Amino acid sequence: MRVLVYLATLCTAVLVSGCNQSFAGHVRGTDFRNQRSYIPAVHTQAPVPAASRRVYGSNNSSLAPARPLARPTTPAPVPNCAAVCVIDPRTGNVLYGHNEHERRQVASTQKIITALCVCDVGQLDRKMTIKSEDKTSVSPIRSRLKVGECYTRGAILHAMLTASCNDLAQALARDTDGSVEQFVQRMNARARRMRMHNSHFVNPSGLPGPQYSTAYDMALAACYAYTNPVIRDFINDRQVVVTRPNGQQVNFNNTNKLLSKYSWVQGMKTGYTNAARRCLISCGSVNGRAVIVVVLGCEKRRIWAESEKYLRWALGV
């Protein structure tokens with residue numbers, strides 16, 4: 001009897017293994033890029049592995065907060081948006097989440113990923129030229145920089161993060177990897193390394209497309225951006241001035257209204273499309289403690305107050 005039980009167990013294991021291998025081979029051999037089924041419904045979410053619920057290696061910078069945030073003793077404010085994630089950039093601990101793993105369009109907040117990828121390659125002093133292809137299909141937000149003009153990669157990155165110009169995101173992508181398509185592959189690889197398990201990107205600007213992320217995933221990306229010295233410096237500027245080759249100066253004002261309103265707010269990234277609605281990643285720091293707040297899918301008139309109330313709740317200000 002024991003021999004028969006052993007043989008039955010062995011056969012079952014072989015059959016399951018064969019099925020798993022067959023399924024895995026089918027997935028690897030399928031090109032999902034042109035299939036609508038690849039893009040999940042807005043409310044579909046994948047489970048987040050327990051080992052990924054932390055930020056790894058983002059706080060190695062000297063810019064890291066001096067001490068972790070204490071969990072607030074008061075209840076979190078009631079959300080008036082589609083999704084929220086409040087995270088400590090030092091530890092990666094989530095202080096509050098509302099639909100934080102729900103897949104959504106995140107608009108221009110994904111320019112944070114673009115910026116991280118550009119900084120990974122570096123060479124920010126390298127000269128780059130604005131081309132006509134950078135101005136294609138990037139409305140409504142385009143810069144006043146003209147085709148044929150030459151700037152440093154760092155200056156274009158600074159202007160993109162400050163004023164959220166879509167043509168500059170496209171120019172950076174093309175200049176960094178030779179084409180937008182190649183750069184998008186870099187973005188998705190970067191997202192995987194940051195354990196953004198519910199994200200997929202198809203452009204560097206955040207304009208509508210078959211792409212998605214979540215409040216939690218964007219919070220992870222923001223933690224890495226927060227402790228990147230270049231990005232940290234750029235997102236904290238209320239305005240950047242770029243000098244054109246003819247000597248004329250072009251001002252780029254920061255789209256984050258909270259940055260100019262409170263000294264303890266350190267900026268980050270705004271976003272808006274009809275599909276995503278108003279989105280905002282904001283960060284703030286008080287007495288050596290820092291917090292990042294991601295708000296997605298909010299109404300225009302509420303976006304600033306929505307982010308501010310979670311910043312104040314987490315920091316106790």
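Owing to the predicted nature of the structure, the values given are computational and were not obtained by experimental measurement. Quick note: residue numbers are just sequence positions, from 1.
- No side-chain heavy atom of Lys146 sits less than 4.5 Å from a side-chain heavy atom of Ile130.
- Using a 4.5 Å cut-off on side-chain heavy atoms (C-beta onward), Ser213 and Arg103 make no contact.
- For the salt bridge (Lys or Arg N to Asp or Glu O under 4.0 Å) test, no residue two or more places apart in sequence or in another chain qualifies with Arg192.
- Listed by chain and residue number, nothing satisfies the salt bridge (Lys or Arg N to Asp or Glu O under 4.0 Å) test with Asp237 (two or more places apart in sequence, or in another chain).
- Within the structure, every pair that satisfies the ring-ring contact (aromatic ring centres under 6.0 Å, His included) test and touches residues 248-302, not counting sequence neighbours, is listed here: Tyr262-Trp264.
- Side-chain contact check for Arg244 versus Glu149: some heavy-atom pair is nearer than 4.5 Å.
- To the nearest 0.5 Å, atoms NE2 (His98) and CG (Asn80) are separated by 9.0 Å.
- Between the side chain of Asp88 and the backbone N or O of Asn93, no donor-acceptor pair lies under 3.5 Å.
- Glu102 and Arg104 are joined by a salt bridge, as a carboxylate oxygen and a charged side-chain nitrogen come within less than 4.0 angstrom of each other.
- Although no hydrogens or angles enter the test, the distance criterion places no donor-acceptor pair under 3.5 Å between the side chain of Asp177 and the main chain of Ser179.
- When side chains are defined from C-beta on, Arg302 counts as touching Glu299, because their heavy atoms get closer than 4.5 Å.
- Within the 4.5 Å cutoff, no side-chain heavy atoms of Tyr96 are placed close to those of Val293.
- Screening residues 124-180 for ring-ring contact (aromatic ring centres under 6.0 Å, His included) gives His158-Phe234 as the qualifying pairs, with residues at least two apart or on separate chains.
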Open item on the list: Could you walk me through whether Met196 and Tyr216 satisfy the side-chain contact (heavy atoms from CB on, under 4.5 Å) test, starting with their C-alpha distance in whole Å, then the side-chain angles of each, then the deciding distance to 0.1 Å, before giving a yes or no?
Closed with: CA-CA 8 Å; Met196 298 171 65; Tyr216 175 75; over 6 Å; no
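- Without hydrogens or angle criteria, Gln123 side chain to Cys119 main chain gives no donor-acceptor distance under 3.5 Å.
- Residues that satisfy the salt bridge (Lys or Arg N to Asp or Glu O under 4.0 Å) test with Arg238, not counting sequence neighbours, are absent from this structure.
- Counting only N and O atoms by type, the side chains of Gln170 and Glu133 include no donor and acceptor under 3.5 Å apart.
- Under the side chain to side chain contact (heavy atoms under 4.5 Å, CB included) criterion, Asn251 pairs with Gln239, Val241, not counting sequence neighbours.
- A donor-acceptor contact shorter than 3.5 Å links the side chain of Gln105 to the backbone of Gly209.
- Using a 4.5 Å heavy-atom cutoff, the side chains of Arg153 and Val121 are in contact.
- Rounding to the nearest 0.5 angstrom, the gap separating the CG atom in Leu161 from the CD1 atom in Ile156 is 11.5 Å.
- Heavy-atom contacts from other residues, nucleotides or ligands closer than 6.0 Å to CG of Asn246 number more than 12.
- Using a cut-off of 4.0 Å between Lys/Arg side-chain N and Asp/Glu carboxylate O, Asp120 and Arg186 are scored as not salt-bridged.
- A side chain to side chain contact (heavy atoms under 4.5 Å, CB included) with Pro77 is found for one member of Glu306, Lys309, Arg312 and no other, namely Lys309.
- Side-chain contact between Lys269 and Asn256 is absent, with no heavy-atom pair separated by less than 4.5 Å.
- At distances below 3.5 Å, not a single donor-acceptor pair connects side-chain atoms of Ser108 with backbone N or O atoms of Lys111.
- A 4.5 Å side-chain heavy-atom check between Leu259 and Asn236 finds at least one atom pair inside the cut-off.
- Between the side chain of Ser260 and the main chain of Lys257, a donor-acceptor pair closer than 3.5 Å is present.
- A donor-acceptor pair under 3.5 Å is absent between the side-chain atoms of Gln249 and the main chain of Thr243, judged by distance alone.
- Under the 3.5 Å distance criterion, the side-chain polar atoms of Thr114 are matched with a main-chain donor or acceptor of Pro204.
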